[in-house]
Structures are given as structure tokens and as C-alpha cells.
Amino acid sequence: VAVLLVIFAITLKNATGVLAAWLGARLSTQIAAELRTSVIRVLMSAGLSFHRRKRLGETIAIANEFPIQVQDLVFHLVNILALVTTSTVLVGLLFVLSWQLTLVAIALGTVCLILLRRYVRGLARASKTYIDLRLETNHRIQEALGGIQLIQAYTREAQIRSILEELIDRSRHVHATIVFQSTTVGFITDVLGASAIGALLFCAAFLFEPDRGQLVARLLPFMYVITRLVPLARLINLRRTKIVSDLPALDRLHEILHVEDKRFLVDGTQPFHRLERGLSLHKVSFAYAPGATFALRDLDLEIEKGSTTAIVGRSGSGKSTLVDLLLRFHDPDEGEIRIDGMPLADLRLASYRQKIGIVGQETFLFHDTVRNNIAFGLEGPVSDEQIIAAARRAGAHEFIEALARGYDTIIGDRGMQLSGGQRQRLAIARAMLRDPEILVLDEATSSLDNRTEQAIHHAIMDFGRDRTLLIIAHRLSTVAIADRVLVMEHGEVIEDGTPAELIAGSGKFAQLHAAWRESLV
Ligand code: ADP
Ligand code: MG
């Protein structure tokens with residue numbers, strides 16, 4: 001009977017092993033894939049304020065690498081479950097063979113576990129440090145590559161290199177500790193196991209003292225099963241250390257997937273077709289972080305459909321913030337923005353943003369053709385004529401034609417590099433091609449020379465006849481074309497009127513105007 005039991009035990013062990021491998025492989029890859037897609041989904045829908053706070057290099061690593069680590073974790077977990085199941089059956093077997101000895105064995109096993117505990121804790125700490133170091137390194141490399149021109153211009157290469165070298169060196173030490181510890185755990189388990197078996201033999205001799213015949217008949221199969229159990233315990237411990245070292249990755253993923261702090265915007269339900277009357281702000285206040293000073297303070301404002309509004313003011317006065325709120329990149333902390341009297345938050349965001357063209361301070365170009373960069377974001381097919389017409393209006397057609405492959409030239413990251421003014425003109429063409437109801441230019445012509453800027457302004461005015469235009473600018477020539485000027489300071493509108501009115505007054509704008517006049521002389 002004992003022999004049959006042993007054969008059963010061995011078959012069981014291997015069968016669960018195969019099952020665990022199969023299940024582990026399927027489950028872990030599936031979970032990893034789902035984690036990756038959910039992280040992407042969360043990142044795509046997280047509000048702009050979340051992304052601006054995050055370090056890019058870190059986020060990339062967490063989104064792309066860490067699910068793989070969780071995949072390992074799940075695989076080990078499934079296997080541990082199988083190992084534990086087998087061990088439990090084996091322990092049951094031991095009970096049948098001799099319950100007294102089994103109790104002794106369990107007591108010894110518990111002692112071994114306690115001895116190993118400190119060890120595993122140290123490993124957990126090292127693993128967390130290692131993950132943090134990895135993320136820091138990723139972030140530093142990403143930042144160094146992004147700022148390579150600045151770094152070279154200020155000859156800071158050696159400094160960056162030494163920071164990275166130090167990070168790499170620290171990672172190496174921590175990683176060496178982890179590898180060493182998680183490998184030696186196996187040996188330690190072996191030694192502990194052997195000592196436990198010795199102790200067990202001693203107890204057995206004591207227990208069966210009165211009956212020597214019993215000793216051999218019972219002890220032999222018992223010992224056989226025990227010697228099968230020890231490698232299992234070793235494996236369980238090894239896998240446990242692996243899990244412990246993968247756990248911090250799960251924590252970091254959880255941080256990203258944890259929804260609360262991302263300022264998700266709740267999408268509205270009403271479709272937006274066109275602007276009928278105008279935009280309005282009602283007592284709008286906004287701060288970038290809880291407790292920070294308000295970037296916009298108690299703002300009341302009406303912007304009529306079809307008007308051209310220029311926003312001026314010192315840098316940091318809240319101009320871009322105002323525009324970002326109008327585009328619903330953030331929701332106001334207090335007050336409300338209304339579009340044709342309807343709260344902006346009630347509008348379906350996608351349908352609203354589709355009707356807005358925006359040209360920001362910095363122009364992002366994709367690694368793609370000029371044509372596709374201009375047509376970016378349009379749903380349907382676009383004809384070449386439409387693209388060329390938009391480029392002409394934005395004063396970009398001539399320089400595009402002069403490029404080696406015209407509209408088919410690859411630009412952007414790793415493509416043909418364009419000047420700041422050229423990039424801005426492409427961005428303006430992109431925004432015009434959308435045929436927007438509302439066009440927002442946030443220092444969109446700041447890199448252009450005076451004459452090009454003038455030409456584009458005429459085109460924009462022409463284009464904007466029945467559209468609503470918001471222009472943030474520093475040059476008087478730009479401001480002069482507006483129906484209305486808003487002067488901002490510390491998140492408030494301090495002057496509001498037509499350019500002529502403001503110039504005639506004695507406020508900030510009149511002062512600015514005088515300064516401009518002087519600089520022209
Ligand atoms: P402007 O466009 O007029 O130069 P902004 O609207 O960009 O000014 O900034 C208004 C204020 O908000 C500034 O004090 C600036 O420091 C702050 N601010 C702007 N962007 C952020 C941000 N992403 N996080 C925190 N504070 C910000
Ligand atoms: Mg700005």
C-alpha cells in the first residue's frame with residue numbers, strides 16, 4: 001500500500017506540474033496583455049494635468065515593461081499554487097504513514113520558514129530599490145536624449161554621464177544582491193531541509209524505540225515522501241523570492257491604473273454642431289494643484305460668436321490656462337464655462353474639440369509626411385487641393401514646395417528638420433484645414449518675422465470672418481486686428497475693450513502701446 005501511495009504521489013506531482021505550466025503560461029500572458037492595454041487606455045484618457053506631472057521615461061517603462069514583470073509574477077504564483085497543492089497531498093500522505101512524525105515535521109518546517117522570513121524581507125526591500133532605480137535611470141536617459149542639444153550647448157555631457165553611471169552602478173549592486181539572495185535561498189532551504197530530516201530521524205528513533213520492526217516498515221516510506229517534499233519546498237521558496245522581487249512592479253502599475261488622481265473628465269452627452277451665440281465664463285477659478293495659487297481667479301467673460309479677441313498680458317498671467325479651460329483640458333475648480341448657454345461639461349468632448357482649431361506655443365510634428373502632418377486629426381479623406389489651399393493660407397505652401405519631396409517630405413522626429421517659423425505655419429495650416437468653428441492661436445506666430453506674420457494675419461482674418469477667433473499675442477500688429485482686447489494679470493482680466501478704446505485710456509495696454517510705438521521708432 002505504501003508503495004502504491006508513493007507512486008500516486010509522484011504521478012500527482014508531475015501532473016499538477018504540467019497543469020500549472022499550461023495554466024500559468026496562458027493566464028500570465030493574458031493578464032500581462034490586458035494590463036498593457038488597460039494602461040494604454042488609462043494614459044490616453046487621463047487628463048492633461050496628470051501627464052504634465054508625470055515623468056515620461058518612467059511612464060513609458062511602467063506602461064511597457066512592468067506588465068511583463070507581472071506576467072512572471074502570475075506564472076510563479078500559479079506554479080506555487082500547484083506546488084502547495086502537491087505538498088499538501090504529500091503531507092496528508094505523511095499523516096497516514098505516521099501522524100506523530102508528521103506533526104514533528106510540520107513543527108520543523110515552520111521553524112525553517114521563520115528562519116527564512118528575514119531573508120525574504122531583505123529581498124523585498126532590495127527589489128523595491130531596484131525598481132525605483134530602474135525607473136529613475138529610464139527617466140534620466142529619456143530626459144538627457146530629449147535635451148541633448150541643451151546639454152551639449154552647455155557642455156554638461158560629463159555631468160549627465162556621471163549621474164547615469166552612478167545610477168547604473170547602484171542598480172548593479174542592488175541587482176547583484178537580489179540575484180545572489182534569490183539563488184542562495186535554494187541552498188539554504190536544502191541545508192535547512194537536511195538538518196530538519198536529521199532532526200526528524202532522531203525523533204523517529206526515539207518514537208519507535210520500543211518496536212524496531214515498526215521503525216523500518218513505517219519510516220522508510222515516510223522518509224521517501226519527505227525527501228520528495230524537500231525539493232518542493234525548495235522550489236516554493238525560489239518562486240516565492242521571484243514573486244517578492246516582482247511585487248514592486250505591480251505596485252507601480254497599480255499607481256497608474258488607480259483612477260482617482262488623474263482628474264478624469266466626465267464626458268458630456270450632448271453633441272456639438274456649431275456655435276450659435278458664443279462662449280461665456282461664469283466666475284471661473286482654477287488652480288493647477290489643490291492649494292496652489294489660482295491661475296485663473298473669478299473670471300467672468302463673454303465671447304461672442306464671430307468676434308476676434310486678442311488676449312495680452314505678461315507671461316504667467318494665465319492666458320494659456322484660459323485657453324486650455326475653454327478647450328476643456330481642465331475643468332474649472334469653481335464656476336462654469338458655457339457654450340451657447342450650455343455647460344461645457346455637458347457637451348460630448350470629441351464633438352466639441354472637433355470644431356476647434358488650436359495652434360499652441362510649441363508645435364508638435366509627427367514622423368510623417370508634410371501632407372499627413374497637415375491632415376492630422378481629420379476623420380474623412382482629404383484632397384490634395386484642400387491641403388494645398390490650407391498651406392497657402394498659412395503661408396506654408398512656398399517653403400513646402402521647396403522641400404526635396406514637397407508635400408511627401410518626411411518631417412518631424414528623425415525626419416527633415418524645420419525651422420520654428422515653418423513649424424508654426426504647418427500648425428496653422430493644420431488648424432485651418434479642420435474648418436473650425438473656433439480658432440485659438442496661442443502665441444502661434446511668435447517665431448515668424450514681421451512680414452510673414454502680417455501676411456498670415458491677413459489670411460487668418462479672412463479665414464475667420466464668421467468664425468470665433470481667440471488670439472494670444474505679444475505684438476501690437478497682431479493685437480490691432482482684433483475687435484476686442486483682454487489684458488490679463490495674475491489670472492484676472494484687468495482691461496477689456498476695443499484696441500482704440502484701450503489705447504486712448506491710461507491703463508496697462510496704453511502703456512504697452514506707448515512702449516511698442518517707441519520700439520518702432
Ligand atoms: P501665460 O500663458 O499667460 O504665460 P499660463 O496660463 O501658462 O500663463 O500660466 C499661468 C500660471 O499658471 C503661471 O503662474 C504658471 O506658473 C502656472 N502654470 C501654468 N501651467 C502649469 C502647470 N502645468 N502646472 C502648474 N502650474 C502651471
Ligand atoms: Mg502661455
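Start at 1 and go down the list; that is how both ligands and their atoms are numbered.
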- request: For atom 11 (C) of ligand 1, decide whether some protein heavy-atom distance is shorter than 4.0 Å.
  value: yes
- prompt: Near the Mg ion (ligand 2), is there an N/O/S atom from S320 that is less than 2.8 Å away?
  reply: yes
statement: Under 4.0 Å from one or more heavy atoms of S320, ligand 1 contributes atoms 1 (P), 2 (O), 6 (O), 7 (O)
message: Could you check, using the six-membered ring where one of them is a Trp, whether F294 and H490 have ring centers closer than 6.0 angstrom?
response: no
field: Verify atom 26 (N) of ligand 1: protein non-hydrogen atom under 4.0 angstrom away
entry: yes
task: Check the surroundings of atom CD in E65: do more than 12 heavy atoms from other residues, nucleotides or ligands lie under 6.0 Å from it?
output: yes
- prompt: Side chain of Q424, backbone of A444: donor and acceptor closer than 3.5 Å?
  reply: yes
Under 3.5 Å side-chain donor-acceptor pair for T445 and E453: yes
- request: Taking all heavy atoms of I337 and all of L325, pick out the closest pair and write down the distance.
  value: CD1-O, 3.5 Å
- request: Kindly indicate, with the supporting measurements, whether the criterion side-chain hydrogen bond (donor to acceptor under 3.5 Å, both in side chains) is fulfilled by Q159 and R156.
  value: CA-CA 5 Å; Q159 188 193 344; R156 290 270 70 94; 2.7 Å; yes
message: At under 4.0 Å between heavy atoms, is it the side chain or the backbone of R52 that contacts ligand 1, or both, or neither?
response: side chain
- prompt: Does the N or O separation between Q361 and ligand 1 drop below 3.5 Å for any pair?
  reply: no
message: Only heavy atoms of S315, strictly under 4.0 Å: list the atoms of ligand 1 that pass.
response: 4 (O)
statement: Ranked by distance from atom 20 (N) of ligand 1, the top protein heavy atom is Y288 CZ, 3.4 Å
message: Testing the basics here: between F463 and P436, what is the closest heavy-atom pair and its distance to 0.1 Å?
response: CZ-CD, 3.7 Å
- prompt: Would you call G318 a ligand 1 contact, heavy-atom distance under 4.0 Å?
  reply: yes
- prompt: Of the listed options (A295, G316, A289, G491), which comes nearest to atom 1 (P) of ligand 1 when hydrogens are ignored and any heavy atom counts?
  reply: G316
- prompt: Is R371 atom CZ crowded by more than 12 heavy atoms from other residues, nucleotides or ligands, each under 6.0 Å away?
  reply: yes
message: Please list, in number order, the atoms of ligand 1 under 4.0 Å from a heavy atom of T321.
response: 5 (P), 6 (O), 9 (O), 10 (C)
